[in-house]
Novice: 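This is the structure, below, for whatever I ask next.
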Amino acid sequence: MSFKRIVYHEISGNRLVSRAKSPVVSVILFSLLVFFMFAYSMVSNVSLQSAVFTGKEDSELMQTNKFMRKVNSGVVLPISLTISRQRNMIVEADGDNQFNGRSRRKLPESDIFRSDELTKKFHGRVLEFFNRECELQFFMTWISTAESFGTREILAVESVFKSHPNGCLMILSRTMDSPQGYMVLQPLLDRGFKVQAVTPEFPLLLKNTPAEAWFDDIRSGKKDPGVIPLPQNLSNLMRLAVLYKYGGVYLDTDFIVVNSFKELKNTIGAQSVDSASKNWTRLNNAVLVFDVNHPLLLKFIEEFASTFDGNKWGHNGPYMVSRVVHRVEGKPGYNFTILPPMAFYPVDWIKIVKLFKMPKNQAESKWAEAKLHQLNGKSYGIHLWNKQSSKLMVEEASVIGRLISEHCVLCKQRFNDPIRLIEAHGSSASPSVSLPHKGIDFITEEETEELDAAAEAEANEDEDDEEDQYRDF
């Protein structure tokens, strides 16, 4: 029953009981009726406005959550670098505030742009660190938290020093340049290895490069950073800039070194080749070896800044270096080498899972022996394609397990690490049993190449689907 009807019945009831005929009573009753009708109207309007406003907020929240899901589908950012869920961090676009039809995204306040005493000392710290009779100077970048620099990353660092005991490794990272980061690296420092985390200074790294203006526009909000986490794209740029300014070797933190880089000079690796022509079809930027001020690095930086797209995974990384090399390859003034996939990417990301598995029979053991022999003999290292393999357990007697044993310096037990049990055998997995290696017949080099050719042919069959799948890795 409506509010009006309730009032009406109450008034009517009153009349029936009292049957009053007085004009004064009639006026009072009429006034009460008008008052109740007016109050009901006011309450109804307020409720309606509240419902509309709440619906608008819910709609905005749904849009914000949808945007966040799109952002979070890529690489996970540290807490301090995630985009805020507050509405004021995502602003609607107007006619003058759009980028390629997409809404402009306001950057959150982030340590990555902060200038302080650590960043001001960057150049001096780099020069001081590498002035130590370094066999080679290596760089890595780390954009996540110090606590998340885990077993796999430490293994990558160990492998550098296994092949280069007198090398120097600098990790460009604000989070690792901290007491927590120092504790992570302390076991290596205690053994005399030269490794240090240093907070980078972006304005210095990009000064007098084609990306200097790009960085200013990103920092000021004039350029759209896109939905891909900005630190991921800044890592792509940082590796180019640090090699251009200081020279050396850049390695991803999921790359295991198996042989010395001493003989490499101005080198980039192919990730894939055409099975018929043997010409490269895609390069990768997970491993870069270049002299200071190399012109190809400058071209990479120029391409990064001029064609930046923060909404396409890989556009500013592997695809970018592929575009540039395709244009400049063979032209005078550039002196660099493109190594085949066997050098740095001997196993495609689609096939990497197999290398983590324990051989289950004689045939698989035979293949594992051949693959291990091939990697140690023909590769400088192996990229683990972390997005694909990070949740896999390293099983004993697997190719990766044996590489770990052969190329570590701390050599802590890593088999059946609980962190690696996810999606592999479940949290209650039983320890793997190593198969005996005695009595296994080594297959010939020709047979090994036949196995790899078969695997490559199988991978090429998936080439049409790889473009869409690749962005997830």
Side-chain angles (χ1 to χ4, degrees), residues 119 121-143 153 156-174 176-177 185 188-189 193-202 204-209 211 234-269 283-301 304 317 320-321 324-325 334-339 343-345 379-381 383:
T119 59
K121 296 176 180 178
F122 171 71
H123 179 64
R125 295 176 73 187
V126 173
L127 296 182
E128 180 183 3
F129 179 71
F130 286 122
N131 187 24
R132 297 185 178 185
E133 300 180 356
C134 298
E135 180 182 15
L136 280 176
Q137 55 188 50
F138 292 87
F139 292 96
M140 291 180 176
T141 64
W142 187 250
I143 60 175
E153 290 74 33
V157 173
E158 286 185 49
S159 71
V160 170
F161 294 116
K162 181 68 173 182
S163 295
H164 312 85
N166 295 314
C168 299
L169 170 61
M170 177 169 286
I171 302 172
L172 303 179
S173 171
R174 177 181 286 277
M176 288 294 289
D177 188 9
L185 301 176
L188 290 162
L189 294 168
F193 295 114
K194 297 181 278 291
V195 56
Q196 183 176 355
V198 175
T199 303
E201 184 182 21
F202 276 99
L204 174 65
L205 282 173
L206 301 178
K207 187 176 182 180
N208 299 325
T209 74
L234 287 176
S235 174
N236 286 324
L237 179 58
M238 184 160 46
R239 68 190 68 180
L240 302 175
V242 76
L243 290 183
Y244 183 70
K245 290 294 178 75
Y246 300 103
V249 179
Y250 168 81
L251 300 174
D252 270 2
T253 54
D254 59 345
F255 185 85
I256 307 301
V257 177
V258 299
N259 281 299
S260 174
F261 279 53
K262 283 183 183 180
E263 298 179 356
L264 296 181
K265 186 178 179 68
N266 301 323
T267 300
I268 190 170
L283 306 181
N284 201 295
N285 63 339
V287 180
L288 300 168
V289 185
F290 283 97
D291 293 337
V292 63
N293 295 329
H294 195 279
L296 184 61
L297 291 173
L298 193 63
K299 277 292 182 185
F300 287 156
I301 297 173
F304 180 99
M320 181 274 293
V321 295
V324 172
V325 171
Y334 300 91
N335 179 24
F336 63 94
T337 301
I338 302 174
L339 293 181
F344 305 134
Y345 315 101
S379 297
Y380 290 97
H383 192 245

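In this text the structure is predicted, and so the values were computed from the model without any measurement.
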Novice: To the closest 0.5 Å, what do you measure between CZ (Phe130) and CG (Leu169)?
Specialist: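 Reported to 0.5 Å precision, the distance equals 7.5 Å.
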
Novice: Relative to the ring of Phe290, is the ring of Phe300 parallel (under 30°), tilted (30 to 60°) or perpendicular (over 60°)?
Specialist: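 Because their plane-to-plane angle is over 60°, the rings of Phe300 and Phe290 count as perpendicular.
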
Novice: Could you state the interatomic distance from OH (Tyr250) to CZ (Phe255), rounded to the nearest 0.5 Å?
Specialist: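 Separation between the atoms: 11.5 Å.
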
Novice: Test side-chain contact (heavy atoms from CB on, under 4.5 Å) on Asn166 and Glu133 and set out the steps.
Specialist: CA-CA 8 Å; Asn166 295 314; Glu133 300 180 356; over 6 Å; no

Novice: Atom NE2 in His123, atom CG in Leu127: separation rounded to 0.5 Å?
Specialist: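 The CG atom of Leu127 is 4.0 Å from NE2 of His123, to the nearest 0.5 Å.
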
Novice: Before accepting this row, confirm whether a basic side-chain N of the pair Lys121/Asp177 lies closer than 4.0 Å to the acidic partner's carboxylate O.
Specialist: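 Salt bridge: no.
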
Novice: How far does OH of Tyr380 sit from CZ of Phe344, to the nearest 0.5 angstrom?
Specialist: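 So the OH of Tyr380 and the CZ of Phe344 are separated by 7.0 Å.
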
Novice: Measuring only between side-chain heavy atoms, which start at C-beta, is Val160 closer than 4.5 Å to Met140?
Specialist: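 Yes - at least one pair of side-chain heavy atoms lies under 4.5 Å apart.
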
Novice: Check the surroundings of atom NZ in Lys194: do more than 12 heavy atoms from other residues, nucleotides or ligands lie under 6.0 Å from it?
Specialist: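 Atom NZ in Lys194 is packed in, count exceeds 12.
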
Novice: Between His383 and Tyr345, what is the ring plane arrangement, given parallel below 30°, perpendicular above 60°, and tilted in between?
Specialist: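 It falls in the perpendicular class, over 60°.
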
Novice: Does the ring pair (Phe, Tyr, Trp, His ring centres under 6.0 Å) test come out yes or no for Phe161 and Phe138, once each step is laid out?
Specialist: CA-CA 10 Å; Phe161 294 116; Phe138 292 87; 7.9 Å; no

Novice: To the closest 0.5 Å, what do you measure between CG (Leu243) and NE2 (His294)?
Specialist: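 It is 11.0 Å, given to the nearest 0.5 Å.
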
Novice: Is any side-chain heavy atom of His164 less than 4.5 Å from a side-chain heavy atom of Val249?
Specialist: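 Not in contact.
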
Novice: Quick one: pull up CG in Leu204 and CZ in Phe122 and give me the separation to the nearest 0.5 Å.
Specialist: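 Interatomic distance, Leu204 CG to Phe122 CZ, rounded to 0.5 Å: 6.5 Å.
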
